[in-house]
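Being a predicted model, the structure only gives us computed values, none of them experimental.
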There are 2 protein chains.
Amino acid sequence: MKYSKQREMIQDTVMAHPIHPTADDVYSLVRAKNPTISLGTVYRNLNLLAENGILTKLTMPGGSDRFDGRLDEHYHMLCTHCGKVYDVELDIFRDFDRQIRAKTGFCVSRHQLLIEGICKECSKEK
Amino acid sequence: MKYSKQREMIQDTVMAHPIHPTADDVYSLVRAKNPTISLGTVYRNLNLLAENGILTKLTMPGGSDRFDGRLDEHYHMLCTHCGKVYDVELDIFRDFDRQIRAKTGFCVSRHQLLIEGICKECSKEK
DNA sequence: CTAGGTGCAAAGCGTTTGCTCGGGG
DNA sequence: CCCCGAGCAAACGCTTTGCACCTAG
């Protein structure tokens, strides 16, 4: 992968903002430093970085994809009230893949878990 | 919810084809019996049925949403080679929600797990 | 020099929506 | 008879892509 200033900025932005930004969030953030960057470039590079395992693409129900710079095994909770995405570490998946393989012959490459509910802050509000 | 012939056909179609069909799959299948039904009607009813808990909408990475008529707790495996979606039952999630609540204060309403990998049939091929 | 990246704009694709007409209750 | 639902087509939102120009190696 050939170096580009734009890609560096995009990657840095995702890393620096652990808010699981959408492509459009990244676009706004990067645009503050580089007003001529295009949305197409942001999409192209986010996908490129995801394909190369440098960041992760999260598929969201009913909304835009989000991107995550954390590479260690963890999962996500979406608050259906405020829309924030939280990280969660759980050791439930320790020998998950082995169990599945033994049971079904399915060879797991990755898994995405999305937990939906109401976060602590939002449930306080009521 | 007022009765409609179309909605009945749509629901029956999803139930009768446990292939986790997309809206467009359902459209094709229903169209065979009712050639004048519109795609908009299929979308409207699938969403309506999902909102009423009669079926479940599955968000897929990089593809159309799929619909599932099974309501019992189970999860899905997507074969990234052939595109089929398999069901999988796992008891890993038994007191999952309680753990999360205790740990984070997040009140879980639902969770969607998507396992990606290569299915038994596809790995045989190689 | 040249392969690959950028910016821009248009196209693509899945999904939703406004409108008018039809059918259930 | 009233109102929700259907059919149709246009609109929408997110994402991808074709093209001409630019830049790293």
| message | Under 4.0 Å, counting only non-hydrogen atoms across every strand here, what does A/S4 touch: a base, just sugar-phosphate, or nothing? | response |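 Sugar-phosphate, backbone atoms only, no base.
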| How is B/T36 classified with respect to the nucleic acid when contacts are heavy atoms under 4.0 Å: base, sugar-phosphate, or nothing? |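 B/T36: backbone/sugar contact only, no base atoms under 4.0 Å.
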Protein-nucleotide distance ([X], atom [atom1]; [N], atom [atom2]), rounded to Å:
{"X": "A/N45", "N": "D/dT17", "atom1": "CG", "atom2": "P", "answer": "15 Å"}
{"X": "B/L46", "N": "D/dA6", "atom1": "CG", "atom2": "P", "answer": "11 Å"}
{"X": "B/M9", "N": "D/dA6", "atom1": "CE", "atom2": "C1'", "answer": "13 Å"}
{"X": "A/M60", "N": "D/dT15", "atom1": "CE", "atom2": "C1'", "answer": "17 Å"}
{"X": "B/N47", "N": "C/dT17", "atom1": "CG", "atom2": "P", "answer": "9 Å"}
{"X": "B/D65", "N": "C/dT15", "atom1": "CG", "atom2": "C1'", "answer": "9 Å"}
{"X": "A/E8", "N": "D/dT23", "atom1": "CD", "atom2": "P", "answer": "16 Å"}
{"X": "B/K5", "N": "C/dG24", "atom1": "NZ", "atom2": "C1'", "answer": "14 Å"}

| Donor-acceptor side-chain pairing of B/D25 and B/H20 below 3.5 angstrom |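 No donor-acceptor contact under 3.5 Å links the two side chains.
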| Which sits closer to the 5' end of DNA chain C, B/Y3 or B/S64, going by the nucleotide each is nearest to? |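 Result of the comparison: B/S64.
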| said: Heavy-atom nearest nucleotide on DNA chain C for A/L48 versus A/L39: which residue maps closer to 5'? | reply: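 The residue whose closest nucleotide sits nearer the 5' end is A/L48.
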| said: Testing the basics here: between B/T13 and B/L29, what is the closest heavy-atom pair and its distance to 0.1 Å? | reply: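 What the structure gives for the nearest pair is CG2-CB, 3.6 Å.
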For [X] and [N], is the shortest distance between a side-chain N/O and OP1 or OP2 below 4.0 Å?
{"X": "A/S38", "N": "C/dT6", "answer": "no"}
{"X": "A/Y43", "N": "D/dT15", "answer": "yes"}
{"X": "B/Q6", "N": "D/dG7", "answer": "yes"}
{"X": "A/N34", "N": "C/dT6", "answer": "no"}

| message | Can you say whether a donor on the side chain of B/R7 sits under 3.5 Å from an acceptor on the base of C/dG23, or the other way round? | response |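 Such a pair does not exist between side chain and base.
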| message | Is there, by distance only and without an angle test, a donor paired with an acceptor across the side chain of A/R44 and the base of C/dG4 below 3.5 Å? | response |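 Result: no qualifying N/O pair found.
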| Which of these passes side-chain hydrogen bond (donor to acceptor under 3.5 Å, both in side chains) with B/Y75: B/Q112, B/H111, B/E89? |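 Output: one option passes, namely B/H111.
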| Carboxylate-amine/guanidinium proximity below 4.0 Å for A/E125 and A/K120 |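 No.
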| task | Verify, without hydrogens or angle tests, whether B/R31 (side chain) and B/P35 (backbone) share a donor-acceptor contact under 3.5 angstrom. | result |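 Yes: the side chain of B/R31 pairs with the backbone of B/P35.
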